[in-house]
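So that the names make sense, note that chain A is the first sequence line, chain B the second, and so on, each numbered from 1.
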Protein chains: 2
Amino acid sequence: MLLAERPLEALTVDAVVEAAAVAKGTFYYHFQGMEELAAAVGEKLGESFDEMLAPARLGMRDPVARLSFAFNQFLEKAMADRVWARLVIQSAQAPTEFARSIRANLKGDLTEARAQGRLKVNDVDLAADVVMGIWLQVTRGILQGRTGTDLPERALAAMLRALGVAPPQKRKKDLEEV
Amino acid sequence: MLLAERPLEALTVDAVVEAAAVAKGTFYYHFQGMEELAAAVGEKLGESFDEMLAPARLGMRDPVARLSFAFNQFLEKAMADRVWARLVIQSAQAPTEFARSIRANLKGDLTEARAQGRLKVNDVDLAADVVMGIWLQVTRGILQGRTGTDLPERALAAMLRALGVAPPQKRKKDLEEV
DNA sequence: AGTCAGATCGACTATATAGTCAATATGAGA
DNA sequence: TCTCATATTGACTATATAGTCGATCTGACT
């Protein structure tokens, strides 16, 4: 929660041990310092992502469907859990292992989609920036108070238009495969 | 420069006075504290934006052209001046006056474009998130080392597709009006 | 009950940082 | 040259923070 509120550089060990109602020595018994705690939190966060994406990874062969599923999931989750959303944003803008991992997955799907000639954006890195940019900014918007149950699907539509994928017949079907 | 490197919460007065080669008392003679310095820097940054956008504001009646011009300018500037880019990113993700001002301008153009029936995205707030999201993330990409002189125009194309504006004949012409 | 490895505690030192203030320097105009 | 408002200096106090360490606690196992 504290790492969701402020960046790592501004979080003190004292604040952590007070919030955890634990003595200072206990903190240093478990972690070398704040960086190690942040890494541990990042790892947990990464696991939550893997769990959310597991069904997509198994059941969906279409890279665009996988990507759409993930995009949608993340926005839904952000609306349901503000703390999670804040933490994601803090973690995504720092060059953490977590951020690299997300981007790697995304680029995997995009590369595959590109190989199938499904994208108007040919530069995979640019495509990844577009997807992540919309995702993160819409998430910030949600934290700012933007609402609407159809927000994720409208954001998704804009994202797919940006990539230039043909408006899919199969998307709905693929989503229901899960 | 220091505010470009680390967030406000992690920047110390001692670091500032050392970098400025000035005594501590001098700092407090000019500013109440770090927040006030940050506000002053934000104001300067805002002025640089106004200057960059002045031609667009005067010469362009088409809101989509204005928006495209600004988007392009900001990316070009980011490629030319890394420190500026870093500072923009730090400032844009905090809820500064600067960030609000940019968004307000953007929403103005988007509202006008929407009134002309030019956008597929009907929610102006969502549209603003899409534009800012792509802009900021592509800027981060530039800082990460992404290159290519046509990057701004390709990012712009993706952004316009996301909004769902018709691929314009007039855009080139409007840009040259300046 | 006794043992002990693992966990917790909080006082302690050292350093970093914020903010103050009286003394001094600067330079434009009389 | 003299005056004075403005600007600068750096030492100083008070507080915050990082990191250490010996004492103590806990609970599983004998």
Problem set entry | Members sharing B/Val83's hydrophobic cluster (side chains within less than 4.5 Å) | B/Met1

Exercise. Looking at A/Leu75, A/Ile142, A/Leu156, which one forms a side chain to side chain contact (heavy atoms under 4.5 Å, CB included) with A/Leu151?
Worked result: A/Ile142

For this session: Would you mind checking if A/Arg103 and A/Asp125 are paired as a salt bridge, meaning a charged N to carboxylate O distance below 4.0 Å?
Result: yes

Problem set entry | Ring centroid separation A/Trp135 to A/Phe74 under 6.0 Å | yes

Exercise. OP1, OP2 of D/dG19 versus side-chain N and O of A/Tyr28: anything below 4.0 Å?
Worked result: yes

Problem set entry | Given C/dC9, D/dT6, C/dA7, the nucleotide with the shortest approach to the side chain of A/Thr26 | C/dC9

Exercise. Within this structure, what is the OH-to-P distance between B/Tyr29 and C/dA22, rounded to whole angstrom?
Worked result: 16 Å

Exercise. For the pair made of CG in B/Leu2 and P in C/dT17, what is the distance, rounded to whole Å?
Worked result: 13 Å

Problem set entry | Atom-pair distance (CZ on A/Phe27; P on D/dC21), nearest Å | 17 Å

Problem set entry | Atom pair distance, as rounded to whole Å: CZ in B/Phe31 and P in C/dT17 | 20 Å

Exercise. Tell me: CG of B/Leu11 to C1' of C/dA18, nearest whole Å?
Worked result: 13 Å

Problem set entry | Heavy atoms of other groups near A/Arg114 CZ, more than 12 under 6.0 Å | no

For this session: Please list, by residue number, the residues of residues 18-25 of chain A whose heavy atoms come closer than 4.0 Å to an atom of DNA chain D; answer none if no residue qualifies.
Result: A/Lys24, A/Gly25

Problem set entry | Whole angstrom value for the distance that separates C1' of C/dA18 from CD of B/Glu9 | 16 Å

Problem set entry | Interatomic distance where NE2 belongs to A/His30 and P belongs to C/dC9 [whole Å] | 9 Å

For this session: Specify the separation, in whole Å, of atom CG of A/Asp14 and atom P of C/dT15.
Result: 18 Å

Exercise. Does a side-chain N-to-carboxylate-O contact under 4.0 Å join A/Arg66 and A/Glu112?
Worked result: yes

